[in-house]
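A quick write-up on the structure given underneath.
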Number of protein chains: 2
Amino acid sequence: MSKSLTKRSEDYSKWYNELVVKADLAENSSVRGSMVIKPYGYAIWEKVQAQLDKRFKETGHQNAYFPLFVPKSLFEAEEKNAEGFAKECAVVTHYRLKTNPEDPTKLMVDPEAKLEEELIVRPTSEAIIWNTYKNWIQSYRDLPILINQWANVVRWEMRTRLFLRTAEFLWQEGHTAHATRQEAIEETVQMNNIYAEFAEEFMAIPVIKGRKSESEKFAGAEETYCIEALMQDGKALQAGTSHFLGQNFAKAFDVKYTNQEGKQELVWATSWGVSTRLMGALIMTHSDDKGLVLPPKLAPHQVVIVPIYRSNEQYNSVCEVAKQIKLNLENAGVSVKFDDRDTHKPGWKFAQYELQGVPLRIAIGPKDLEKGSVELARRDTLSKEFVQQSELVSIVKDLLLDIQDSLFYKAKAFRDAHITEVNTFDEFKNVLKEKGGFISAHWDGTAATEQKIKELTKATIRCIPSHFKNEVGKCIYSGASSNQRVLFAKAY
Amino acid sequence: MSKSLTKRSEDYSKWYNELVVKADLAENSSVRGSMVIKPYGYAIWEKVQAQLDKRFKETGHQNAYFPLFVPKSLFEAEEKNAEGFAKECAVVTHYRLKTNPEDPTKLMVDPEAKLEEELIVRPTSEAIIWNTYKNWIQSYRDLPILINQWANVVRWEMRTRLFLRTAEFLWQEGHTAHATRQEAIEETVQMNNIYAEFAEEFMAIPVIKGRKSESEKFAGAEETYCIEALMQDGKALQAGTSHFLGQNFAKAFDVKYTNQEGKQELVWATSWGVSTRLMGALIMTHSDDKGLVLPPKLAPHQVVIVPIYRSNEQYNSVCEVAKQIKLNLENAGVSVKFDDRDTHKPGWKFAQYELQGVPLRIAIGPKDLEKGSVELARRDTLSKEFVQQSELVSIVKDLLLDIQDSLFYKAKAFRDAHITEVNTFDEFKNVLKEKGGFISAHWDGTAATEQKIKELTKATIRCIPSHFKNEVGKCIYSGASSNQRVLFAKAY
């Protein structure tokens, strides 16, 4: 398979699809809309998981596991909440396959093994979890409940794209229960902040924190907080959400607690999640026409070492030095892959690790042995230099920090250059067409205007940024008065 | 809820069920056969996962993720392999719920959203994975493939028990592909050894390594290796299996590679797994009538500190010292929970942590402050002693090692005392009735005899132990000649 990718400028979407497959991140499976996450892609996801899990635990959360299946009746209890998403979902109706009597090489669903009540493969777990919390919560002593779950969920999507929108995806979903409204809101904001810090510090993705408009928020929530990122093609991507659910689920599932005064109160709730969609954001923020570019903090291997040789003798002496270099780097906390396979040529390896976004590449050959040097290549800038082996560890450590930072600042500069303030609808349409990115504009606060703008331009309100100050102005569409700008964009 | 449990001697099964729920490990959910794994139970499972994952990676395996759903046709390709388990499974037939037009408060499956091909919720992933490997393997350069998956699977069980047998459970499944028969067999044995070492070193569960008989092995395997443990009630529990699959799946899914001579060959396969069933083994190996007993290496908290006080002033001064003790222990690598909640009395806490199997409990009160002491209680022996605070860290570290070892040796002594050699079928039935445990007996090697013994006694061949030497003898049932003893037992 050729390693060269379609150029981003030619067809961004095609570039993305090719990159995901050729860099061995993921591929489509024989199940419509479900992907296979390949080992290299999964190794990045494991790093995402480990970091988030650490932060969740540091803030007092524990992991647990709830059933994959949700009885249909629980969705009925929640239905008014779930309307936005609960309709297109995988439904289990039977529990047995049997040999087809008309053709014993085939299997068929056994019509006698029909479930009394259909089971839904969870699209999200609020219903099953709140139906469980009901039994866990009696008194204020039982609160707060701070639980997270790492799980697979299924939403029956008609148009799917690897990582960005798949029928089955992996995610984490936090579900917390609180005695007071204030505490639940603080939790919601705290988790959105954790997502933002993680995105910026580890993924090197600058994000804007804010709240969703009424039409864009999760149907079951009173308020949805989110982080919004900007991709290289000027489209926004929602990278994480944190919902203040008010007492909606407590009402739907009748979850009450006895407060310190002995009175029954409804419980307050939050939920928050990020998914394998983050992988899509990671790819589309940093990568280039040569392939993936990974921030060192999430790279499965931060450094790859490729030996250069013509003879067995050269191979042996080069490998000996390379192994020592690997050891020195690992002792300094750097993760290293030494690709000493004799089945692939150095040129193939160079192209492969460029495609896979390994932050630094060390090539070492017979001449380097003489000079005590190595060739050190940096993936993000594609620059190369010769470095003395004796200085290698400290140079590598510095470079890894530098790459992590410069990926973030490069993405931030791009993002900041793509936030445009407009004051008329003509300007709005023009910026959207010519430049893309986030458009900061006044909006009259009505769902009708939001809907109309979406119909006319495909742009939606991504968020009402937390850092935006009140400002008096006029809605770009209706001309009605407005006291705050919001951010519009076309989005993934 | 009362903390006292049914005694093991009264009703072992009831004791187990009560313990799982009261120690906050897991509970039944509103979905038939599916459990909720509660935070405390899940924290133990996370420790199991972390250790196994480390061992898998050290032996060159990588994690990946494959789809939850398996198209029915893939089971047809594999059917002859899967006959043993693939029949009772959750079948997805539709992809939409809609409001019931006859009662808008109800949902119904939309009959128009019927899938063209039914999807099976994976009971195991051989089919979907080998259908994927087919595209990954062309040449000997692509081999071996060493992949593991952490996932949920579903088998439609009619009689379920928390952890031991549930419709949905969590597990890991390794699926490897090799160029040669020899390499695949070595992999199969290696992974069974890893399971055995993990069980003994971390879970403190002594296990017998061996092979399954033809009728007990996985239907798709040429050979199934396993580890077998013995529970306190004299029943065996299969704690892990590793399958040498031969070329069965390569044939079913047409997976060939070009060898170094340019010839096409079928690929050799293994699969291996352990599941949340291990939690059941852990509980039933060590626990007592007071509740769970945990080996320190898998305990979410190795030490719990409970403050004793009558006044606010006492509370403050006790907590100050307790916090310092916690810090000292944590700096020595010990995991500590300090339960300073004022909402629960010390007696309640003592009972709770006994029930939850925390290996060591430290109680500290005003008198201890005067004397520079603490009360240190050991969960496994229920013994208590006063210890000087200055010596606490080193005593705790020694005791944790001692508890880990003595749990293993206690279980091993019990297990070894419950392996009985018999030479007649009367003896066999008698031992099974009076004593239980493993029975070492000659068997003629036929499935017919095995089946007959099972019908008459409910005992099955647990394994043909690897360490058993050849020995000439006569089958206890048929009297036919035999050259090796095997282990029988009643089993979970």
Side-chain angles (χ1 to χ4, degrees), chain A residues 27 29-31 34-43 45-46 62-72 74-76 79 86-99 105-109 113 118-121 128 131-132 135 141 147 151-152 154 156 168 170 341 343-344, chain B residues 27 29-31 34-43 45-46 62-72 74-76 79 86-99 105-107 109 113 118-121 128 131-132 135 141 147 151-152 154 156 167-168 170 341 343-344:
Chain A
E27 63 183 35
S29 74
S30 54
V31 187
S34 292
M35 64 182 161
V36 172
I37 306 180
K38 299 182 79 175
Y40 192 65
Y42 200 82
W45 177 243
E46 283 183 311
Q62 295 177 295
N63 290 327
Y65 189 76
F66 296 86
L68 172 68
F69 298 134
V70 185
K72 193 185 65 177
L74 290 190
F75 276 96
E76 287 162 359
E79 192 197 5
K87 301 289 171 71
E88 306 288 321
C89 50
V91 186
V92 176
T93 56
H94 291 74
Y95 60 84
R96 189 182 299 131
L97 281 186
K98 64 171 197 175
T99 303
T105 67
K106 300 286 178 196
L107 296 171
M108 61 178 280
V109 176
E118 294 89 348
L119 298 173
I120 316 307
V121 179
I128 191 85
N131 190 54
T132 307
N135 303 318
R141 288 185 197 86
I147 285 182
N152 52 347
V154 173
W156 208 263
E168 181 188 7
L170 303 183
R341 285 178 297 172
T343 45
H344 298 79
Chain B
E27 64 183 35
S29 75
S30 54
V31 186
S34 292
M35 63 181 161
V36 172
I37 306 180
K38 299 182 78 175
Y40 192 65
Y42 200 82
W45 177 242
E46 283 183 312
Q62 294 177 294
N63 289 327
Y65 189 77
F66 295 86
L68 171 68
F69 298 133
V70 185
K72 192 184 65 177
L74 291 190
F75 276 95
E76 288 162 1
E79 192 196 2
K87 301 286 169 72
E88 306 288 321
C89 51
V91 187
V92 177
T93 56
H94 291 74
Y95 61 84
R96 188 181 300 131
L97 281 186
K98 64 171 197 176
T99 304
T105 67
K106 300 286 178 196
L107 295 171
V109 176
E118 294 89 349
L119 298 173
I120 316 306
V121 179
I128 191 85
N131 191 52
T132 306
N135 304 319
R141 289 186 196 85
I147 286 182
N152 52 347
V154 173
W156 208 261
E168 182 189 7
L170 303 184
R341 286 178 297 171
T343 44
H344 298 78

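Hydrogens, waters and symmetry mates are skipped; everything else that's a heavy atom, side chains included, is used. To find a chain, count down the sequence lines: A is the first, B the second, and so on, and within it residues start at 1.
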Once you round to the nearest 0.5 Å, how far does [atom1] of [X] lie from [atom2] of [Y]?
| X | Y | atom1 | atom2 | value |
| --- | --- | --- | --- | --- |
| B:E27 | A:T132 | CD | OG1 | 6.5 Å |
| A:F69 | B:S30 | CZ | OG | 13.0 Å |
| B:R96 | A:I120 | CZ | CD1 | 13.0 Å |
| B:L107 | A:K72 | CG | NZ | 7.0 Å |

- Item | Taking every non-hydrogen atom, the tightest pair across A:P67 and B:E168 |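 Heavy atoms of A:P67 and B:E168 come nearest at CA-OE1, 3.4 Å.
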- Message: If you compare all heavy atoms of A:N63 against all heavy atoms of B:E46, which two are closest, and at what distance to 0.1 Å?
- Response: ND2-OE2, 2.6 Å
- Contacts of A:Y95 meeting ring-ring contact (aromatic ring centres under 6.0 Å, His included) (sequence neighbours excluded), chain-then-number -> B:W156
If I measure from the heavy atoms of chain A, does [X] come under 4.5 Å with its side chain, its backbone, both, or neither?
| X | value |
| --- | --- |
| B:L68 | both |
| B:S29 | side chain |
| B:N131 | side chain |

- Report the C-alpha distance between A:V31 and B:L119 in whole Å, list the side-chain angles of each, state the deciding distance to 0.1 Å, and finish with yes or no for side-chain contact (heavy atoms from CB on, under 4.5 Å). CA-CA 8 Å; A:V31 187; B:L119 298 173; 4.1 Å; yes
- Query: How about B:T93 and A:V91: do any of their side-chain heavy atoms sit closer than 4.5 Å?
  - Reply: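 Counting from C-beta outward, B:T93 and A:V91 never come under 4.5 Å.
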- Determine whether A:K87 and B:T99 make a side-chain contact, defined as any pair of heavy atoms from C-beta on separated by less than 4.5 Å. yes
- If you count heavy-atom pairs under 4.5 Å between each of A:Y40, A:Y65, A:W45, A:Y42 and chain B, which one has the most?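 If we count pairs closer than 4.5 Å to chain B, A:Y65 comes out on top.
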- Query: Which of the residues B:A90, B:S34, B:A64, B:A167 is involved in the greatest number of heavy-atom pairs with chain A at under 4.5 angstrom?
  - Reply: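 The answer is B:A64.
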- Message: Applying side-chain contact (heavy atoms from CB on, under 4.5 Å) to B:F66 and A:I37, what does each step give before you reach the verdict?
- Response: CA-CA 7 Å; B:F66 295 86; A:I37 306 180; over 6 Å; no
- Item | Partner residues of B:R141 under the salt bridge (charged side-chain N to carboxylate O under 4.0 Å, His left out) criterion, sequence neighbours left out |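 Listed in chain order: nothing, the list is empty.
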